[in-house]
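Here's the structure, in structure tokens; my notes come after.
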Amino acid sequence: MCADALPKYLEILNPEQRKAVFHSGRPLLILAGAGSGKTRVITTKIAYLIREKEMDPRSILAVTFTNKAAREMSCRARLIDDRAQDAMLRTFHSFGAWFLRRNGHLAGLPSGFVIYDDDDSISLLSTIMEGSPRAEVKLMAHNISRAKDYFLSPQDPRLDFFDHRKIFKDSYVKYEERLAKIGNVDFGDLIKKPVEILRGNPDLARRFHERFRVIMVDEYQDANIAQFELLRELCGPGVYVCVVGDDDQSIYRFRGAEVRNILEFPDRFYGADIIRLERNYRSTDPILRAASSVVNHNTGRLGKSLRSERGKGKKPVLAFMADQDEESAQIAGLILNAVKLGGHFSDWAVLYRTNAQSLGFETEFLRRRIPYRVVGSLKFYEREEIKDALALLSFLANPRDEVAFRRMVNKPSRGVGPATVDKIIDSSGDTGDLAEAARNISPELSARARAGVADFLKAIEAGRDALAKDKKAEEKKLPRKREDLRGEEGLSLCVVRMAEVSGLAGYHLTQDEIAGNQRLNNLQELANAASPYSADMNGLLDFLEHIELDRSMEESAAAEGEGSDLVTLITLHNTKGLEFRKVIMTGIEQGIFPRDDKDGDDLEEERRLFYVGATRAMDELYFTSCAMRRMYGRNSPMEPSLFLRELDRDNLKIIGKAPYGFGGAPGTSGATGTSGATGAYTGGYGRSANPAATSSDGRWRKGDRVFHDDRGYGEVSGIRESDEGPVITVRFESGGESRFLSQYQSGSYTKIGGDV
DNA sequence: TAATCGATCTTTTTT
DNA sequence: AGATCGATTA
């Protein structure tokens, strides 16, 4: 094919991208740097195969890691050729769920299985490890989950790698037994079980090889071992496999991702070709240089040279702040100013390491009327009332669900205590049907417990009725109370009926006067979310599965339209695959980013996270670092992140009072040496433009002479008020500064010649 | 059996 | 600061 005869969608590709799209035959590894157009390559390749190679779209499987990525991929491929909608584009986990819905019986799964999230797993484990502290149960749950990521069964000797104790293996064995009895699966099972089924059923595997002729995996650097095994099982003779990834963007090691997968791809898929995409179309050169200068400190990379196609641009800005209040205030000011000059809010993204950090920005943005959205906070589905309602639905779907039963049988209180619950569960026999067991054993219970159990079963019956019967008739029969939830369409009636009959709605309403209404609203929202699903068992299972696998709540496509000029607040992890004109990476402090318990491989992962964050920026990049931060409810002094020292300094604009080692900033004293003091980070400037001359407790005045036991003579150079009282800054004659809280003056600092 | 109070930790990151 | 756990009390 010669270039000028190419259709437009192929013509716009650069030579390497085109090579990747046209490639066929052997396995292919595409090493795609940030912003090098890898999504374009995958989507184009899908369309190309359908259009030019007349491939049946149904025989193409493309796997991603997030639902968002899957949706975007589907959208973009369809823009080129609408037939791409018939290709299977899913996340690994949703592919696994799809697989198990059809073939789960081969592993003894009932058709109505429900997916347990981490909390459910912990609940189940805590009944197994009764009496163990919660932290221990959590650790065990984590290790079991990791074991499944590594495709290790309870008998595998390699489990010692995670935890060599006998209790670990025992717990894992029991956990698997209980899960099997219940008939549900956890996240890890969604990958592990399909592999086992494919291995145990060669005929089925063959049928899959005939069905899926082309398999593509995006973000391959984030695949775990189990996912690698799944990929291998799906790759039968003649199946074309193409994986795309960037070893520098591997940031999910903590949940089992193995960079090894991408590093060893050429060995595992023998004869693989490698294509590198190293032209970056997103960021200006200084931004790429900043990002690279940090990640270059990592060892064990495949290595690549990312070049900016955009060329020159503004230097990244590194701003030192006194504390997080100043951080959010300054950022708000920066954004408002840019908008005043004609920019958009949506140009901006504020990035942070932990979700908890979003709060400060939200408060400040609310106050200053800056419109924003918080991406990926899964709070909705973590709310108590929502989990309650979902547990009721889960139990309706699978009456063997012990976890859901335990959670809801006595909520609201119905006089069914732990003793009764155990009695019911013990009597359930091998069917495991707890609703049936409860009914059977009922005569043996005390009157109070019997009535309570009956009430619970009534709620489940109400749900079942809503599924089975004509919903219109059902709805009319019942006189509606003012505070009732509404739900007419599809599955929503089922949600509403269960929430009401169980007393859940009333319970949450009376439980807390202030929060009650909000909780009712949340339940209503859940009911609304259920309305598109059909009011039958399939609809119910669909709904539950959808909620477990995709909690991003990005349903409301309406909000995406115009009139949504919003600043994005987002964790660094969540930014993968996104881009913004202007990016602010906040809280770049030791202990936050990187966390200070990180070293070795973990530290390298943090560095890659830094790289991911920085390469999201197209035009402008900012870093902020605070001298003081409220953590665990108290103020603690912070040091600038190690990563800031690794940044290419000539390529940076530093503002604010820089700590030692960051030359060039205004206010940096010419002092040398820090006399071995731990506080490398001195300075930080006051919250207000005119710092106080006298501390609010009257104990210190600017210019006061001070003596410190270790550091000698100095003078008070600044006073600032914090919520723990005045913060006094002292500049020592020996050079260097330090700060302390007035209330903790202690013996180290002594005021000279003063009237203490 | 349930609710309340105080003490004791805690915090990654997500399918 | 907030959640969570355990013990104590009604």
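Atoms considered below: every heavy atom in the structure, side chains included; atoms not considered: hydrogens, waters and symmetry mates. Here is the naming used below: chain letters follow the sequence lines, and residue numbers restart at 1 for every chain.
Distances shorter than 4.0 Å separate none of the side-chain N or O atoms of N574(A) from OP1 or OP2 on dT13(B). Close to dT14(B), at under 4.0 Å from its OP1 or OP2, lies no side-chain N or O of N67(A). When the side-chain nitrogen and oxygen atoms of T66(A) are compared with OP1 and OP2 of dT14(B), none of them lie within a distance under 4.0 Å.
If you take CG of D186(A) and P of dT15(B), they are 16 Å apart, rounded to a whole angstrom. Residue L544(A) contributes atom CG, which lies 17 Å from atom C1' of dT15(B) at whole-angstrom precision. As a whole-Å value, the separation of H573(A) NE2 from dT11(B) P is 17 Å. The interatomic distance linking D601(A) (CG) with dT13(B) (P) rounds to 21 Å, in whole Å. Protein atom CG of N355(A) is 19 Å distant from nucleotide atom P of dT10(B), rounded to whole Å. Rounded to an integer number of Å, the gap from NE2 of H142(A) to P of dT15(B) is 15 Å. Protein atom CZ of R634(A) is 16 Å distant from nucleotide atom C1' of dT11(B), rounded to whole Å. Look at CZ on R146(A): it is 10 Å from C1' on dT14(B), rounded to the nearest Å.
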Take Y220(A) and F228(A), measure what ring-ring contact (aromatic ring centres under 6.0 Å, His included) needs, and give me the verdict at the end.
CA-CA 9 Å; Y220(A) 188 64; F228(A) 162 76; 7.5 Å; no

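Nearest heavy atom pair, residue A397(A) against residue L541(A), reads CB-CD2, 3.9 Å.
Rounded to whole Å, the P atom of dT4(C) lies 15 Å from the corresponding atom of dT13(B). Nucleotides dT11(B) and dG6(C) have their P atoms positioned 15 Å apart, rounded to a whole Å.
Across all strands shown, D602(A) has no heavy atoms under 4.0 Å from either base or sugar-phosphate atoms. Note on Y252(A): only backbone sugar-phosphate atoms sit closer than 4.0 angstrom, heavy atoms only; bases stay farther off. Note on D117(A): nothing from the nucleic acid sits closer than 4.0 angstrom, heavy atoms only. Residue contacts shown for Y632(A) include a base, since a base heavy atom lies under 4.0 Å away.
The residues K387(A) and D117(A) are annotated as salt-bridged, a charged nitrogen and a carboxylate oxygen being separated by less than 4.0 angstrom. Between D186(A) and K192(A) there is no salt bridge, since none of the side-chain N atoms of the basic residue sits less than 4.0 Å from a carboxylate O of the acidic one.
Atom CG of residue N635(A) and atom CZ of residue R629(A) lie 10.5 Å apart, to the nearest 0.5 angstrom.
R595(A) contributes no side-chain N or O that forms a donor-acceptor pair with the base of dT12(B) under 3.5 Å.
Position along DNA chain B of the nearest nucleotide to M631(A) versus V416(A) favours V416(A) as the more 5'-ward residue. Across the interface with DNA chain B, nearest-nucleotide mapping of Q227(A) and G417(A) shows G417(A) to be the residue nearer the 5′ end.
Applying the 5.5 angstrom centroid cut-off and the 30 degree plane-angle cut-off, the aromatic ring of F92(A) is not stacked upon the base of dT15(B).
Side chain of F254(A), nearest nucleotide from dT13(B), dT15(B), dT10(B): dT13(B).
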